[in-house]
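In each ligand, atom 1 is the first atom listed, and ligand 1 is the first ligand listed. Atoms considered below: every heavy atom in the structure, side chains included; atoms not considered: hydrogens, waters and symmetry mates. These figures come from a predicted structure and were not determined experimentally.
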Amino acid sequence: MTGAPQHKHLVFSGMQPTNTLHLGNYLGALKNWVKIQSEMPCLFCVVDMHAVTQDAGYGHPAELAQATREVAAAYIAAGVDVKRNLVFAQSRVPAHAELAWIFNCVARLGWLDRMTQFKEKSGKHKERASVGLYTYPVLMAADILLYKATHVPVGEDQKQHLELARDVAQKFNNDFAAPGFFPLPEPVIAGAGTRVMSLRDGARKMSKSDDSDYSRINLTDDADAIAQKIRKAKTDPEPLPNSEKGLEGRAEAENLVNIYAALADEPRAAVIARFAGRQFSGFKSALAELAVAKLTPIASQMRRLLADPAEIDRVLADGAARAGAMAAPILADVKRLVGFL
Ligand code: TRP
């Protein structure tokens with residue numbers, strides 16, 4: 001009855017093309033993608049259809065197109081292997097929208113009403129939010145299930161959306177008497193310490209929407225900017241502690257140690273052991289040096305790629321063609337199951 005093959009392991013993840021990418025995107029996502037791509041086949045999508053659910057992407061066509069290329073360039077510069085894996089823009093594979101429509105009829109209003117990210121993003125004036133923002137998690141479920149992906153690397157903030165994707169898969173399988181048709185995709189949550197906080201306020205996530213550029217390290221920052229932002233990062237007057245426990249209640253100090261550990265690929269305890277009792281001024285110099293060494297090659301590779309947009313467009317076209325070919329038999333099965341002639 002259903003003809004599409006089922007992969008044992010398949011990774012799907014995506015990032016929105018809005019504004020500039022920063023250290024949080026690198027340590028929280030890209031770095032983990034590069035790791036997981038050697039373990040399982042992967043699809044890495046630039047989710048431009050999600051980007052138009054809000055003002056940042058909607059109504060700014062030139063910026064959206066540029067941001068889509070920039071995010072693709074960041075994937076590649078960070079080390080995603082575009083031969084073995086797929087990098088593509090969501091809007092270039094129309095099957096995402098087709099499956100999302102069917103899933104709009106699977107998902108229940110009650111499920112979406114519980115989504116905390118919609119509440120946060122729509123703010124006080126829910127009635128002015130786009131309908132697309134409301135059904136955003138349904139499109140995300142379609143992204144994943146269109147390929148029957150089994151593993152989804154995401155940040156903590158996307159866990160609820162992934163649970164909704166599992167609910168959609170289960171209800172579809174059930175309602176159309178197709179047990180096991182869609183797998184229940186599992187979140188792959190990046191390890192602790194990869195949640196990168198603002199350099200100005202350890203209680204807030206590093207974010208592209210923060211007014212202060214000093215709150216974040218952008219992937220395109222040059223060595224001077226990186227060093228200066230780290231030097232000016234907020235800390236407390238105490239030196240580095242002797243143990244991880246000593247970071248408790250010191251959000252800014254903890255954040256800098258976490259960033260160091262993630263960039264160096266070392267356990268936090270090892271970093272603390274090395275710098276125990278040292279002043280933050282010295283630690284910051286070491287961190288700046290490490291950050292410059294790890295990030296500036298990515299920035300220069302991004303610049304090289306963006307200097308030749310035609311090459312990025314070729315990669316995206318190739319990715320879209322391969323993604324479309326993977327999706328087609330699955331969407332055909334879905335349509336047959338639903339009863340579309
Ligand atoms: N909502 C995700 C985010 O903002 C992006 C996204 C869209 C995604 N579709 C996805 C992530 C599918 C993983 C899988 O981070």
Is [X] salt-bridged to [Y], cutoff N-O under 4.0 Å?
| X | Y | result |
| --- | --- | --- |
| Lys31 | Asp265 | yes |
| Lys335 | Glu98 | yes |
| Glu186 | Arg166 | no |
| Lys171 | Asp167 | no |

Q: Classify the ring geometry between Phe181 and Phe172 as parallel (under 30°), tilted (30 to 60°) or perpendicular (over 60°).
A: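 The rings of Phe181 and Phe172 sit tilted, inter-plane angle from 30° to 60°.
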
With a heavy-atom distance limit of 4.0 Å, tell me whether [X] approaches ligand 1 through its side chain, its backbone, both, or neither.
| X | result |
| --- | --- |
| Gln158 | side chain |
| Val154 | side chain |
| Ile144 | side chain |

Near [X], which atoms of ligand 1 are under 4.0 Å from a heavy atom of that residue?
| X | result |
| --- | --- |
| Val47 | 7 (C), 9 (N) |
| Tyr136 | 1 (N), 2 (C), 3 (C), 4 (O) |
| His50 | 7 (C), 9 (N) |

Q.
My understanding is that we take every heavy atom of each candidate and find the minimum distance to atom 9 (N) of ligand 1. Doing that for Asp143, Leu146, Val152, which one comes out nearest?
A.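 The residue whose heavy atom sits nearest atom 9 (N) of ligand 1 is Asp143.
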
**Q.** Ring centroid separation Tyr147 to His96 under 6.0 Å
**A.**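 Tyr147 vs His96: aromatic centres under 6.0 Å.
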
Q.
Test of understanding: clusters of I, L, V, M, F, W, Y form through side-chain heavy atoms closer than 4.5 Å, transitively. Do Leu331 and Leu139 belong to the same one?
A.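 They do not share one cluster, since no chain of ILVMFWY contacts under 4.5 Å joins Leu331 to Leu139.
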
Q: Starting from atom 10 (C) of ligand 1, locate the nearest protein heavy atom and write down its residue, its atom name and how far away it is, to 0.1 Å.
A: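 Result for atom 10 (C) of ligand 1: Met140 CG, 3.5 Å.
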
**Q.** Which residue and heavy atom of the protein sit nearest atom 5 (C) of ligand 1, plus the separation
**A.**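 For atom 5 (C) of ligand 1, the nearest protein heavy atom comes out as Gly14 O, 3.6 Å.
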
